[in-house]
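Just below is one structure, and these are the notes that go with it.
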There are 2 protein chains.
Amino acid sequence: MAVAKTEDVRKSNGMIRPLDDLDRKILGTLSRDATQSYASISREVGLSAPAVHERVKRLRSSGVIKSTVAQLDGAAVGKPLLGFIHVDTTGWGKTRAMLALEDRPEVEEIHGVTGDTCLIIKVRVASPLALEGLLAQIYDVEGVRGTRTFVSLSTHLERSVQAEISDDLESRSVIK
Amino acid sequence: MAVAKTEDVRKSNGMIRPLDDLDRKILGTLSRDATQSYASISREVGLSAPAVHERVKRLRSSGVIKSTVAQLDGAAVGKPLLGFIHVDTTGWGKTRAMLALEDRPEVEEIHGVTGDTCLIIKVRVASPLALEGLLAQIYDVEGVRGTRTFVSLSTHLERSVQAEISDDLESRSVIK
DNA sequence: CTTGAAATGGACAGCGT
DNA sequence: ACGCTGTCCATTTCAAG
């Protein structure tokens with residue numbers, strides 16, 4: 001008998017099938033280019049266009065595909081400066097005032113993390129002066145003890161979540 | 001007479017107009033949802049559909065819109081663990097072996113940064129074991145002296161480059 | 001999941017401002 | 001130079017097998 005049922009893993013809409021190879025192939029192409037037609041995808045994966053369409057619809061409504069967006073060039077929209085801000089707080093860092101930073105279009109990510117800091121905030125700004133302004137705003141938040149900022153000098157890779165998974169990472173011998 | 005000419009700022013294809021308000025509006029909506037029709041965008045910005053289409057085409061070929069992609073859910077594709085790895089190296093950190101990490105679908109970002117570390121690598125993996133495997137691979141790179149890893153406990157915001165810019169950041173008085 | 005049909009939206013040309 | 005109107009065609013989307 002089966003020890004784990006598919007029923008265990010559900011989502012808001014319908015049940016989640018553990019993403020077969022065709023799903024992953026479709027997700028892979030769409031994560032690289034979402035402008036291509038279902039017809040061209042169907043050729044790649046070896047299915048008919050409506051079949052691909054139905055799978056994509058399912059992947060959308062089940063939340064695997066969160067959204068489809070245009071990726072903009074930071075410098076071209078006037079924000080050439082990228083930085084990561086580590087925020088140290090006294091007490092609980094994830095306050096309402098802190099999360100209100102998301103109203104700023106310069107703030108792209110806010111993560112609560114383990115390690116010797118509380119929060120990591122990814123920001124993209126127009127200038128060093130704007131970065132200072134953002135830091136000033138962070139220091140206005142109650143409980144902020146200090147920050148450390150890492151300014152990006154060069155970005156060699158910046159992409160969103162990939163569908164693929166390396167299969168040799170978990171079996172790797174880490175004993176030298 | 002004008003002191004700066006538009007000619008100064010060019011790109012691969014055609015010249016860059018400094019992104020008027022309509023461009024920014026269009027970029028704003030597309031960066032949030034690129035599935036909507038040109039007709040609906042035209043209603044929002046107050047232009048005809050072909051006019052919007054032409055602008056989008058221009059924004060694409062000029063590189064302001066780098067690509068249009070599907071945003072996937074990390075957990076749903078089997079990679080629930082997000083982390084930032086700070087890499088310290090002896091000498092120049094940006095070696096060919098280091099940049100080869102981009103072949104791993106788990107590696108999403110690689111930045112050279114200022115501050116008390118050399119590189120920041122954003123990774124999304126299936127498990128702690130896979131994270132260890134990735135770290136092992138990083139330590140295989142010549143010249144790596146050490147790493148510090150910040151594991152994300154909660155992500156409160158994660159989005160791509162926004163078209164909008166706060167106009168009060170650069171004029172903010174930072175003297176208390 | 002496939003084949004076939006209907007409807008929607010995208011892409012292009014020409015015109016006018 | 002830029003945007004609008006009208007047209008054709010590709011693509012999406014639905015229904016039936």
Side-chain angles (χ1 to χ4, degrees), chain A residues 6 11-72 76-78 163, chain B residues 1-72 163:
Chain A
T6 323
K11 201 105 187 212
S12 53
N13 186 9
M15 58 179 65
I16 294 277
R17 282 184 320 174
L19 294 187
D20 62 15
D21 286 358
L22 275 67
D23 285 328
R24 266 192 207 280
K25 263 191 182 175
I26 294 170
L27 290 172
T29 32
L30 285 181
S31 72
R32 282 181 283 273
D33 179 13
T35 65
Q36 57 195 321
S37 70
Y38 291 129
S40 72
I41 300 175
S42 71
R43 265 169 253 134
E44 281 188 56
V45 303
L47 252 65
S48 72
V52 174
H53 175 244
E54 193 176 319
R55 276 171 181 260
V56 171
K57 219 171 58 179
R58 216 172 29 76
L59 290 167
R60 267 187 218 287
S61 70
S62 68
V64 180
I65 297 177
K66 291 196 293 186
S67 61
T68 300
V69 301
Q71 304 267 201
L72 310 183
V77 298
Chain B
M1 285 73 183
V3 290
K5 295 185 185 170
T6 325
E7 302 168 346
D8 297 341
V9 192
R10 281 174 181 270
K11 201 102 188 213
S12 53
N13 186 9
M15 59 179 66
I16 294 279
R17 283 183 322 174
L19 294 186
D20 61 15
D21 286 358
L22 274 66
D23 286 327
R24 265 190 209 283
K25 263 191 182 175
I26 294 171
L27 290 171
T29 33
L30 285 182
S31 72
R32 282 181 284 274
D33 179 14
T35 66
Q36 57 194 321
S37 69
Y38 291 130
S40 72
I41 299 175
S42 70
R43 265 169 253 134
E44 281 188 56
V45 303
L47 251 66
S48 72
V52 173
H53 177 241
E54 193 177 319
R55 276 171 180 261
V56 171
K57 220 171 55 179
R58 225 177 18 80
L59 291 167
R60 265 186 220 288
S61 70
S62 68
V64 181
I65 297 178
K66 291 196 293 186
S67 62
T68 300
V69 301
Q71 304 268 196
L72 310 183

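Every chain is numbered from 1, with letters handed out A, B, ... down the list of sequences.
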Measure the distance from [atom1] on [X] to [atom2] on [N] and round it to the nearest whole Å.
{"X": "R43(A)", "N": "dA10(D)", "atom1": "CZ", "atom2": "P", "result": "12 Å"}
{"X": "L47(B)", "N": "dT5(D)", "atom1": "CG", "atom2": "P", "result": "11 Å"}
{"X": "D20(B)", "N": "dA1(D)", "atom1": "CG", "atom2": "P", "result": "16 Å"}
{"X": "E54(A)", "N": "dA15(D)", "atom1": "CD", "atom2": "C1'", "result": "12 Å"}
{"X": "I41(A)", "N": "dT13(D)", "atom1": "CD1", "atom2": "C1'", "result": "15 Å"}
{"X": "L22(B)", "N": "dC2(D)", "atom1": "CG", "atom2": "P", "result": "12 Å"}

>> Is it true that T68(A) and R60(A) share a donor-acceptor pair across their side chains at a distance under 3.5 Å?
In response: yes
> In terms of heavy-atom contacts, does CD of E54(A) have more than 12 from other residues, nucleotides or ligands at under 6.0 Å?
Replying inline: no
>> I'd like to know whether CG of D20(B) has more than 12 heavy-atom contacts from other residues, nucleotides or ligands below 6.0 angstrom.
In response: yes
>> Contact between I65(B) and L30(B) at the side-chain level, heavy atoms closer than 4.5 Å - yes or no?
In response: yes
Looking only at the side chain of [X] (C-beta and beyond, no hydrogens), which of the listed nucleotides [options] gets closest?
{"X": "A51(A)", "options": "dT13(D), dC12(C), dC1(C)", "value": "dC1(C)"}
{"X": "R55(B)", "options": "dG3(D), dC1(C), dG4(C)", "value": "dG3(D)"}
{"X": "S37(B)", "options": "dG9(C), dT13(D), dT5(D)", "value": "dG9(C)"}
{"X": "Y38(A)", "options": "dT2(C), dC4(D), dT13(D)", "value": "dT13(D)"}

> Given dG10(C), is OP1 or OP2 found less than 4.0 Å from the side-chain N or O atoms of H53(B)?
Replying inline: no
